[in-house]
4 protein chains.
Amino acid sequence: MTTDFGRPRDPRIVGAVLAATVELLGETGYADLSVDAIAKKAGTSKPAIYRRWSSKAHLVHEAVFPLGEATELPDTGSLPRDVRAMVQRSAAFLTTPAARAALPGLVGEMSADPTLHVALLERFSDILSRGLGERLEAAVARGEARPDATATDLVEAVAGITFFALLTHGTALDDAWVDRTATLITRGIST
Amino acid sequence: MTTDFGRPRDPRIVGAVLAATVELLGETGYADLSVDAIAKKAGTSKPAIYRRWSSKAHLVHEAVFPLGEATELPDTGSLPRDVRAMVQRSAAFLTTPAARAALPGLVGEMSADPTLHVALLERFSDILSRGLGERLEAAVARGEARPDATATDLVEAVAGITFFALLTHGTALDDAWVDRTATLITRGIST
Amino acid sequence: MTTDFGRPRDPRIVGAVLAATVELLGETGYADLSVDAIAKKAGTSKPAIYRRWSSKAHLVHEAVFPLGEATELPDTGSLPRDVRAMVQRSAAFLTTPAARAALPGLVGEMSADPTLHVALLERFSDILSRGLGERLEAAVARGEARPDATATDLVEAVAGITFFALLTHGTALDDAWVDRTATLITRGIST
Amino acid sequence: MTTDFGRPRDPRIVGAVLAATVELLGETGYADLSVDAIAKKAGTSKPAIYRRWSSKAHLVHEAVFPLGEATELPDTGSLPRDVRAMVQRSAAFLTTPAARAALPGLVGEMSADPTLHVALLERFSDILSRGLGERLEAAVARGEARPDATATDLVEAVAGITFFALLTHGTALDDAWVDRTATLITRGIST
DNA sequence: GCTTAAACGAGACGGTACGTCACGTCTTCTA
DNA sequence: TAGAAGACGTGACGTACCGTCTCGTTTAAGC
């Protein structure tokens, strides 16, 4: 319940802090990322940051997975192509330097902070599965997918495999990997 | 590079510390787990612990994923049954109270400590994929699996999906989940 | 080089910490004095202490030999009385429970920390020899003291003998001791 | 109560350890002197050291102030010369590199260890005041010293002033200092 | 020559304190 | 009231040294 009185918040601070966070994540990793350092790099102060985000984890979460990142997945009219697009987006999305550095740390803090847990999963599924339900239903109607395949399972498969691959492979996830993974999942839910 | 000289390490300490770690993980979670508390509960001292493990993360990793946990997966002679057994083991294994509490934290520290990264992945793949290569080749020979399906892909699918499900679902992973997931993966690598 | 920005240091902490230090010194001695215990007793924290003093020794030094303890020695107009007053003060000063407990330990740390060395000597000579030079010159002018007697020698004699007596005698230094010592030193620098 | 059985103690160890202690004291000072380092430098082990000395302080005490160091002070037949000899010896004795490094530390541990307290004072007075009583009586008989001057006072003066000078001056105590100090003390106890 | 027992080196042990770090909050002054 | 600055309490970190103990090995004296 913000009041209309008093000095308004400096609108540039949000952007500067998010940018500084992304930069520092790329340079030093999540563990060595201190709020003091972010504040310094953003040219602002710790209280200004905590006025906007309730914890370091929430800040990082928003910096790495910005709102409005996701658009509706293009409807290709074919299940295999749809799945491939999903895997593609998932991989592209998690292999940003900042995401690579931040994700494990965020996951680590999820268990301690239910708020973050919820926020992170929502953001995730928003990005990954926007409009997925209808598309899957259509595929089932076309006879391409099994009727018992759920959107949840599909997201679980795409996100889980991508995340694990991220932890395992030192390298980026190339097109060959995307192809193989998309094939596996597509067949997994096909009739 | 152990010497034969000097007082030998007290053989009871390793066990007591690992047990204390598992207990405390169940009680308090990874973030609130202090080495002092472990030492106290195990009836030993912080230096004695740091003589054996190079960091808290290494200790937890060994406590939660004990060596020799894994045995060869039973060869059922059928790919679907083999995959189901894998998923079953993977789920059973990660839903221990200690594992649930520790895994996110460990993953978080992996990025900061390459040593831990290696150790964790080795432990993981040892437990999950012991003898998997041969089994997959046999399945290919029987015409049950696609020739281009690799053991790595399989492990990635099983471990990734399980891990992600663990983060997502608050509850345990029941038989129905195991069935659905095993089906998805089996079809995914089938001919 | 104090800034005018930021939250100012809580002015009560310095006093509370110094008082707690003196109390604990009386109770437990220098060796068993921990910074944690001081912080607890003073109702503050270790970092707050280390913000103000660079080491335990510096803190103890300031607690035991507070600034402003010394006032100008009363000018009695007679060398014997002046010297007796000095010895008196020196003895009173070093036989405080806190001083008895702390001095040997501080002396022990002087060799390791040049900063402390300087600080301790300055504090000492400030307390003992404030205004001593003029008094000695006057005594020389009156023919009571030898012209070659220096203030340094006088301080060395008073402080050294007192300190050594403190180490040697278990008991306090009584008036008889003060008399004997003052006599020795007075004669020592007399014509 | 040592038995005659068993392997006899290696006679070279005592010497090697004392020598190593003196060397290390000169190099690193008392605070940075660890028993491990002494053992290593002496080519022996910690238990072998603790078999011979009950603590680090006792070892250092014996290393720095070896028994049999003192001989009877030469009887010059004149109080001034006797006192000068005493001051001379006291200064020579405490300005060894090892003594300079060790003394403050030892004094610091005296308060915590009564055994050491006694041992140190005995060693000190043995070295400084061997045969002093008779000499002082003779001086009194000759009318050179006041009848109420005690040997204790004399030792206190010599040792105290020297010790304090040691702490204060960075430099060695030269002949001029010895002269001035001897004069002060001699007059102090003269008729 | 065999036995015995203590000394030996190496190094692990419990204990305890050290000084440092980052968190998220709070308090001052200034704009 | 927001902002920068920076101190606050909390609580854990990993390290260091103490003096003791436990190994397996060596060394002499006594039988």
Side-chain angles (χ1 to χ4, degrees), chain A residues 2-11 13 31-37 39-40 42-57, chain B residues 2-11 13 31-37 39-40 42-56, chain C residues 2-11 13 31-37 39-40 43-56, chain D residues 2-11 13 31-37 39-40 43-57:
Chain A
T2 330
T3 16
D4 290 349
F5 298 124
R7 172 174 176 179
R9 290 195 178 167
D10 186 331
I13 289 183
D32 297 343
L33 179 71
S34 78
V35 178
D36 270 311
K40 193 168 186 182
T44 180
S45 64
K46 234 177 358 167
I49 290 179
Y50 280 100
R51 221 171 278 125
R52 292 168 170 78
W53 295 276
S54 60
S55 75
K56 185 172 81 163
Chain B
T2 330
T3 343
D4 290 350
F5 299 129
R7 175 176 179 174
R9 295 200 173 161
D10 187 330
I13 290 182
D32 298 341
L33 180 70
S34 80
V35 178
D36 265 313
K40 195 169 185 179
T44 180
S45 62
K46 216 164 28 158
I49 291 180
Y50 279 102
R51 230 172 269 127
R52 292 171 170 76
W53 295 276
S54 59
S55 75
K56 187 171 77 163
Chain C
T2 329
T3 347
D4 289 350
F5 297 128
R7 176 176 178 174
R9 294 200 174 161
D10 186 330
I13 289 183
D32 298 340
L33 180 70
S34 80
V35 178
D36 267 311
K40 195 169 185 180
T44 180
S45 63
K46 220 166 22 157
I49 291 181
Y50 279 101
R51 246 190 297 278
R52 291 170 170 76
W53 295 277
S54 59
S55 75
K56 187 172 76 162
Chain D
T2 333
T3 11
D4 290 350
F5 297 124
R7 174 176 178 176
R9 292 195 177 165
D10 186 332
I13 289 182
D32 297 344
L33 179 71
S34 79
V35 178
D36 270 310
K40 193 168 186 182
T44 180
S45 64
K46 230 173 7 163
I49 290 179
Y50 279 100
R51 223 171 275 126
R52 292 168 171 78
W53 295 276
S54 60
S55 76
K56 185 172 84 162

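Here is the naming used below: chain letters follow the sequence lines, and residue numbers restart at 1 for every chain.
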task: Mind listing the residues from residues 48-56 of chain B sitting with a heavy atom below 4.0 Å of DNA chain F? Number order is fine.
output: B/Y50, B/K56

task: Grab the CG-P distance between C/L33 and E/dA17 for me, whole Å please.
output: 10 Å

query: Does B/T44 have a side-chain nitrogen or oxygen under 4.0 Å from the phosphate oxygens OP1 or OP2 of E/dC13?
result: no

Residue whose closest nucleotide on DNA chain E lies nearer the 5' end, B/P47 versus C/P8: B/P47

- prompt: Considering heavy-atom distances to DNA chain F, does C/R9 or A/I13 have its closest nucleotide positioned more toward the 5' end?
  reply: A/I13

message: Determine whether a donor-acceptor pair (one donor, one acceptor, N or O, separation below 3.5 Å) exists between the side chain of B/R7 and the base of F/dC21.
response: yes

task: Look at the side chain of B/K46 against the base of E/dG14 and say whether a donor-acceptor pair falls under 3.5 Å; ignore hydrogens and angles.
output: no

message: Nearest heavy atom decides the nucleotide; on that basis, is B/V35 or C/G43 closer to the 5' end of DNA chain F?
response: C/G43

Heavy-atom pair of closest approach, residues A/T44 and A/I13: OG1-CD1, 3.9 Å

query: How far apart are the closest heavy atoms of D/S45 and D/A39, and which atoms are they?
result: C-CB, 3.7 Å

statement: Here the distance between atom P of E/dT20 and atom CG of A/D32, to the nearest Å, is 19 Å

- prompt: Side chain of D/K56, backbone of D/L33: donor and acceptor closer than 3.5 Å?
  reply: yes

message: Restricting to non-hydrogen atoms, name the atom on D/D10 and the atom on D/R52 that form the minimum distance, rounded to 0.1 Å.
response: O-NH2, 3.5 Å

query: Base, sugar-phosphate, or nothing for D/S45, non-hydrogen atoms under 4.0 angstrom?
result: base

- prompt: To the nearest angstrom, how far is B/K40 atom NZ from F/dA12 atom C1'?
  reply: 15 Å

message: In whole Å, I'd like the distance from the CG atom of C/D36 to the P atom of E/dC18.
response: 7 Å

query: If only atom types and distance count, is the side chain of B/R9 paired as donor or acceptor with the main-chain N or O of B/R51 below 3.5 Å?
result: yes

